[in-house]
Amino acid sequence: MSEKKKKIVLSGMRPTGSLHLGHLVGALHNWIQLQEQCHCFYTIVTWHALSSEYQNSKAIKKNIFEVAVDWISIGLDPDKSVLFIQSDVKEHAELHLLLSMVIPLPWLQRVPTFKEMQRELPDKDINTYGFFGYPVLQTADILIYKANAVPVGEDQAYHLEFAREVTRRFNRLFGEIFPEPQTFLTNVPKLAGTDGRKMSKSYGNAIYLKDPPELIQKKIETMMTDTRRKRRSDPGIPDDCPVYTLHRAFVAKEKRDELAQRCRTAEIGCLDCKAVAIESILNILAPYREQRKRFEKNPDLVWEILEEGNKKARQVAQKTMEEVRSAIGF
Ligand code: TRP
Ligand code: SF4
């Protein structure tokens with residue numbers, strides 16, 4: 001494909017700290033692949049983080065670093081993709097403001113995530129103007145690079161629907177400036193954490209990319225399995241086993257089908273079955289661990305990569321904003 005025809009992809013991640021296997025399966029694997037055919041922008045969305053973490057704003061900077069180290073070490077390649085920090089490209093804020101002028105209030109009032117997040121984070125006061133505008137800022141992130149496609153998980157589908165609606169309205173008012181961004185749904189079954197619930201930092205059940213191999217091994221060895229298998233001789237059902245979600249994500253199909261069969265007939269014990277997942281995960285993370293060592297020794301390398309990314313992003317964003325201002329008549 002010629003450079004011009006390449007699709008533009010944008011996605012973002014909130015800097016909440018170190019990344020876990022759920023991020024790898026739910027986003028990063030997909031992002032890494034997209035680098036090969038598309039022009040990708042991946043951003044650490046600091047302002048989105050601030051909208052719910054403003055009471056602990058100083059932690060955000062450290063978390064930027066944690067996310068960036070994980071990104072680069074796992075395979076997001078700064079030579080292929082633009083990796084940058086949202087709040088270092090101020091144009092996002094200008095577009096957010098301009099979009100907010102034309103977005104009917106009811107469109108925001110019916111965004112389900114606003115109420116959901118308030119319910120999920122009862123200890124945080126996110127009944128704010130900024131948090132209410134979360135999807136507007138997300139739309140600005142996408143449109144400012146004229147992204148054609150946005151790889152996200154199911155939980156972001158509504159925000160993308162919102163972004164498309166805003167795009168149409170803006171284009172109708174001011175001319176065809178922005179392509180309508182398509183959603184690339186990352187359709188992966190949820191990865192379970194060590195306690196069987198969805199893997200999530202807030203549940204304390206996550207396996208982190210940066211966990212030392214011994215810790216990963218221990219977490220999986222003590223991870224919940226299908227509760228039917230009380231004794232070694234009890235058959236199990238892999239579909240009901242949290243560990244098997246790891247097999248689905250990290251063990252080759254042939255091998256995991258065989259394990260599933262031997263689970264159903266109680267031919268294999270859980271520890272042996274887990275050993276296969278452990279080995280596979282440690283293998284996949286081996287190159288990551290090597291890369292990470294490099295950046296831990298020299299953190300400036302990470303900040304330099306982000307600064308380079310910021311510059312490239314800024315160039316594109318500035319150009320778009322010139323067009324937008326002129327379309328509005330400023
Ligand atoms: N809201 C997204 C999330 O919580 C993060 C995000 C911000 C994003 N801006 C974006 C995702 C733009 C895709 C495109 O995961
Ligand atoms: Fe889960 Fe494997 Fe044990 Fe079956 S044998 S319950 S799939 S860990």
Side-chain angles (χ1 to χ4, degrees), residues 8-16 19 22-23 26-28 30-31 40-53 67 84-87 89 92 95-96 111 113-114 116-117 120 131 133-145 147-160 162-164 181-186 192 194 196 220-248 251 255-278:
I8 299 172
V9 163
L10 176 130
S11 201
M13 208 178 263
R14 276 174 296 157
T16 51
L19 304 182
H23 294 109
L28 297 172
N30 199 19
W31 292 14
C40 299
F41 293 85
Y42 297 125
T43 180
I44 301 175
V45 290
T46 36
W47 280 328
H48 281 105
L50 191 62
S51 74
S52 56
E53 306 301 315
V67 170
F84 71 101
I85 303 171
Q86 178 195 44
S87 52
V89 184
H92 289 231
L95 186 56
H96 167 265
V111 172
T113 44
F114 184 60
E116 274 164 30
M117 295 271 284
E120 273 171 39
F131 191 75
Y134 188 107
V136 182
L137 183 56
Q138 183 162 354
T139 304
D141 297 340
I142 298 166
L143 295 191
I144 207 158
Y145 303 101
N148 308 103
V150 184
V152 285
E154 190 77 64
D155 62 319
Q156 295 296 312
Y158 192 92
H159 288 161
L160 264 292
F162 176 90
R164 263 195 303 281
Q182 301 307 303
T183 311
F184 277 2
L185 262 200
T186 327
T194 47
I220 299 177
E221 279 174 355
T222 53
M223 183 165 169
M224 246 185 80
T225 60
D226 177 10
T227 47
R228 289 178 191 83
R229 297 210 69 184
K230 292 198 177 52
R231 266 160 289 147
R232 167 73 174 74
S233 54
D234 295 331
I237 298 180
D239 279 345
D240 292 341
C241 174
V243 178
Y244 202 71
T245 64
L246 300 179
H247 288 87
R248 278 189 213 289
V251 176
K255 182 73 199 166
R256 69 170 188 258
D257 284 350
E258 181 202 320
L259 292 172
Q261 187 51 33
R262 296 175 68 199
C263 168
R264 289 188 199 98
T265 52
E267 272 169 79
I268 191 175
C270 287
L271 266 184
D272 291 331
C273 179
K274 286 172 165 182
V276 178
I278 293 168

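When reading the values below, keep in mind they use all heavy atoms of this one structure, side chains included, and skip hydrogens, waters and symmetry mates. Counting convention: from 1, in listed order, for ligands and their atoms alike. What you see is a predicted model; the values in this text were computed from it and never measured.
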Suppose we measure from atom 5 (C) of ligand 1 to each protein heavy atom; which comes out shortest, and what is that distance?
G12 O, 3.6 Å
Atom 5 (S) of ligand 2: nearest protein contact (heavy atom, Å)
R229 NH1, 3.1 Å
Taking atom 8 (C) of ligand 1 as the point of reference, which of Q138, H23, Q156, H92 owns the nearest heavy atom?
Q138
Short N-O contact, R232 and D272, less than 4.0 angstrom
no
Out of H48, Q86, H159, the nearest non-hydrogen contact to atom 7 (C) of ligand 1 is supplied by H48
Can you tell me if C270 has a non-hydrogen atom under 4.0 Å from ligand 2?
yes
Just by distance, with hydrogens left out, do T183 and R164 show a side-chain donor and acceptor under 3.5 Å apart?
yes
Taking atom 9 (N) of ligand 1 as the reference point, the nearest protein heavy atom with its distance
D141 OD2, 2.7 Å
So, Q138 versus Q156: side-chain donor-acceptor pair below 3.5 Å or not?
yes
Pairwise distance CG(D226) to CG(D240) - rounded to 0.5 angstrom:
5.5 Å
Find all atoms of ligand 1 within a distance of less than 4.0 Å from any non-hydrogen atom belonging to V150, and give their numbers and elements.
13 (C), 14 (C)
For ligand 1, the portion of V152 having any non-hydrogen atom under 4.0 Å away:
side chain
Gap separating the CE atom of M117 from the OH atom of Y134, nearest 0.5 angstrom
5.5 Å
Can you tell me if R256 uses its side chain to pair, donor with acceptor, with the backbone of V251 under 3.5 Å?
yes
Ligand 2 contact on D226 by region, counting heavy-atom pairs under 4.0 Å
both
I need the atoms of ligand 1 closer than 4.0 Å to a non-hydrogen atom of L10, numbered in the order shown.
12 (C), 14 (C)
Please list the nearest protein heavy atom to atom 2 (Fe) of ligand 2 with its residue and the distance rounded to 0.1 Å.
C273 SG, 2.4 Å
Looking at R14, which atoms of ligand 1 are within less than 4.0 Å of one of its heavy atoms?
4 (O)
Taking every non-hydrogen atom, the tightest pair across A192 and G196:
CB-O, 4.0 Å
Starting from atom 1 (N) of ligand 1, find the nearest protein heavy-atom neighbour and note its residue, name and distance.
Y134 OH, 2.9 Å
Between N30 (side chain) and A27 (backbone), is there a donor-acceptor pair under 3.5 Å?
no
No-hydrogen, no-angle side-chain donor-acceptor test under 3.5 Å, Q86 and H48:
yes
From H247, does some N, O or S atom reach closer than 2.8 Å to atom 2 (Fe) of ligand 2?
no
Heavy-atom distances under 4.0 Å are what count here, so tell me which part of T43 touches ligand 1: side chain, backbone, both or neither.
neither
I'd like the name of whichever of C263, P235, C241 reaches closest to atom 4 (Fe) of ligand 2 through any heavy atom.
C263
Interatomic distance, OG1@T225 vs NZ@K274, rounded to 0.5 Å, equals 5.5 Å
